[in-house]
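The next block holds one structure in the form of structure tokens; read it before the comments.
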Number of protein chains: 2
Amino acid sequence: MPNPILVTFIAGPAGQWRVDRQSNISGDGLPVAQRLSMFESSAPPGVGEEIWRLRGTTSNLRYTNRQEVASLAAIQEGLGRPRSTRAALIPIRKNEAWWNLPQNERRAILEEQSRHIAIGLDYLPAVARRLHHCRDLGEPFDFLTWFEYAPEEAERFEDLVRALRVTAEWTYVDREIDIRLSRDP
Amino acid sequence: MPNPILVTFIAGPAGQWRVDRQSNISGDGLPVAQRLSMFESSAPPGVGEEIWRLRGTTSNLRYTNRQEVASLAAIQEGLGRPRSTRAALIPIRKNEAWWNLPQNERRAILEEQSRHIAIGLDYLPAVARRLHHCRDLGEPFDFLTWFEYAPEEAERFEDLVRALRVTAEWTYVDREIDIRLSRDP
């Protein structure tokens, strides 16, 4: 695990990713842009008329145990695979009740009750994923999760998102936006 | 636990706290200033000729279980007590081996092996403490711990610092600076 990478997502008229669909799942929405860019930088270049930007950092793993880390590392693939022309950016915020829980109770809800890590493993390596933390950066969301997959995996990706949204963990989510994207091969 | 507070420490010729002593415990040092200020702000006012600034956020608890949270809450006191005219700022960085450990193994080293939380409890409420996280902010340290205590507790504070520095957890610390401060009553 390298040092944390600060990543900036910018929505506007230009960028590598087309916005195909944007759904406000809970809480306040975000303006819909035509395009989205992801920069591994804290000072990204301008992209013309910017509509919004969100920042997060890759940080360290917060809940996984050694066996889970090993299982993930053995099977997951990185971002940027040529066939992964679909992507999703899902910003979420969790409520105060979540953040007031002790560490071990958050872990128990996340995995022993909700099987968040195990569910994610079921969709590897088809769906590549990178989690960005942003609560400590003073951002409006707590997490920005970025997913990449091939067009033929789109239905399976819907299954993954549905499976997570019915968990006990998700009862703590008070703001969620689901942005689906595509790019040219 | 309120939302994370971004805190900025500025060393320079002015500020509420006098620098009485600064010790480079491990790794690269920091220039020594005459004074230090702590601002609960991301955009603090200027303090004249600034020597360095360090930023951190109060974040959420990362390791404590419910019983430990309750024990801490029952006995700890806040910052700013009139009799607490001594303070310490101890910036530390942990090495890659620490950050590569799974969550549960970091917890086991921190508490089951090193009794970090229990040792801290032994010095409450005499020593008030606030932990600031900064690894995800791209700062040169991972943590900035701030302590406040009365002059008559100075010897006990030395015991606390000594007790922590001989733990298994501290073998992962690769940079540490110990800045001791005082202010007028």
Side-chain angles (χ1 to χ4, degrees), chain A residues 1-8 40-43 55-73 93-112 116-117 131-144 172 174-175, chain B residues 1-8 40-43 55-73 93-112 116-117 131-144 172 174-175:
Chain A
M1 172 136 307
N3 280 330
I5 303 167
L6 184 71
V7 177
T8 307
E40 293 186 354
S41 164
S42 58
R55 299 176 312 133
T57 114
T58 54
S59 195
N60 57 290
L61 296 171
R62 303 282 174 91
Y63 296 104
T64 30
N65 65 31
R66 180 167 291 265
Q67 187 191 325
E68 291 156 354
V69 172
S71 301
L72 288 163
R93 189 182 64 197
K94 286 177 171 172
N95 63 20
E96 285 310 293
W98 174 263
W99 293 111
N100 285 332
L101 288 171
Q103 173 72 27
N104 59 323
E105 298 187 20
R106 278 183 275 119
R107 154 73 199 194
I109 293 167
L110 184 134
E111 189 56 21
E112 281 69 31
H116 188 140
I117 299 163
L131 177 63
H132 311 85
H133 297 258
C134 35
R135 179 173 164 84
D136 287 351
L137 304 184
E139 290 282 308
F141 295 92
D142 294 339
F143 305 100
L144 308 172
Y172 293 91
D174 70 4
R175 188 176 181 194
Chain B
M1 172 133 306
N3 280 329
I5 303 167
L6 183 72
V7 177
T8 306
E40 293 185 353
S41 164
S42 58
R55 301 175 311 133
T57 112
T58 54
S59 196
N60 57 289
L61 296 171
R62 302 282 173 91
Y63 296 104
T64 30
N65 66 31
R66 180 167 292 264
Q67 188 193 322
E68 290 155 356
V69 172
S71 301
L72 289 162
R93 189 182 64 196
K94 286 177 171 170
N95 63 19
E96 286 309 293
W98 174 262
W99 292 111
N100 285 332
L101 289 171
Q103 173 73 27
N104 59 322
E105 297 186 21
R106 278 183 273 120
R107 154 73 199 193
I109 293 166
L110 184 134
E111 189 56 21
E112 281 69 29
H116 188 141
I117 299 164
L131 177 63
H132 310 85
H133 297 258
C134 36
R135 180 173 163 83
D136 287 352
L137 304 183
E139 290 281 309
F141 295 92
D142 295 339
F143 305 99
L144 308 172
Y172 294 90
D174 69 6
R175 188 176 181 194

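Letters A, B, ... mirror the listed sequences (proteins, then strands); counts begin at 1.
With a 6.0 Å radius and a threshold of 12 heavy atoms from other residues, nucleotides or ligands, Gln67(A) has its CD atom at or below the threshold.
When all heavy atoms of Thr64(B) and Asn104(A) are compared, the pair lying nearest together is O-OD1, 4.0 Å.
Residues Glu105(A) and Asn65(B) form no side-chain contact, since every pair of their non-hydrogen atoms from C-beta on lies 4.5 Å or further apart.
If you take CG on Asn60(B) and CH2 on Trp98(A), they are separated by 10.0 Å, rounding to the nearest 0.5 Å. Here His133(B) contributes atom NE2 and His133(A) contributes atom NE2; the two are 12.5 Å apart, rounded to the nearest 0.5 Å.
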Any chance you could lay out the side-chain contact (heavy atoms from CB on, under 4.5 Å) test for Leu101(B) and Arg66(A), step after step, and finish with the verdict? CA-CA 8 Å; Leu101(B) 289 171; Arg66(A) 180 167 291 265; 3.8 Å; yes
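Heavy atoms closer than 4.5 Å to chain B are found nowhere in Arg107(A), neither backbone nor side chain.
Remark: of the listed residues Asp136(A), Asn3(A), Thr57(A), Asn3(A) is the sole one forming a side chain to side chain contact (heavy atoms under 4.5 Å, CB included) with Arg135(B).
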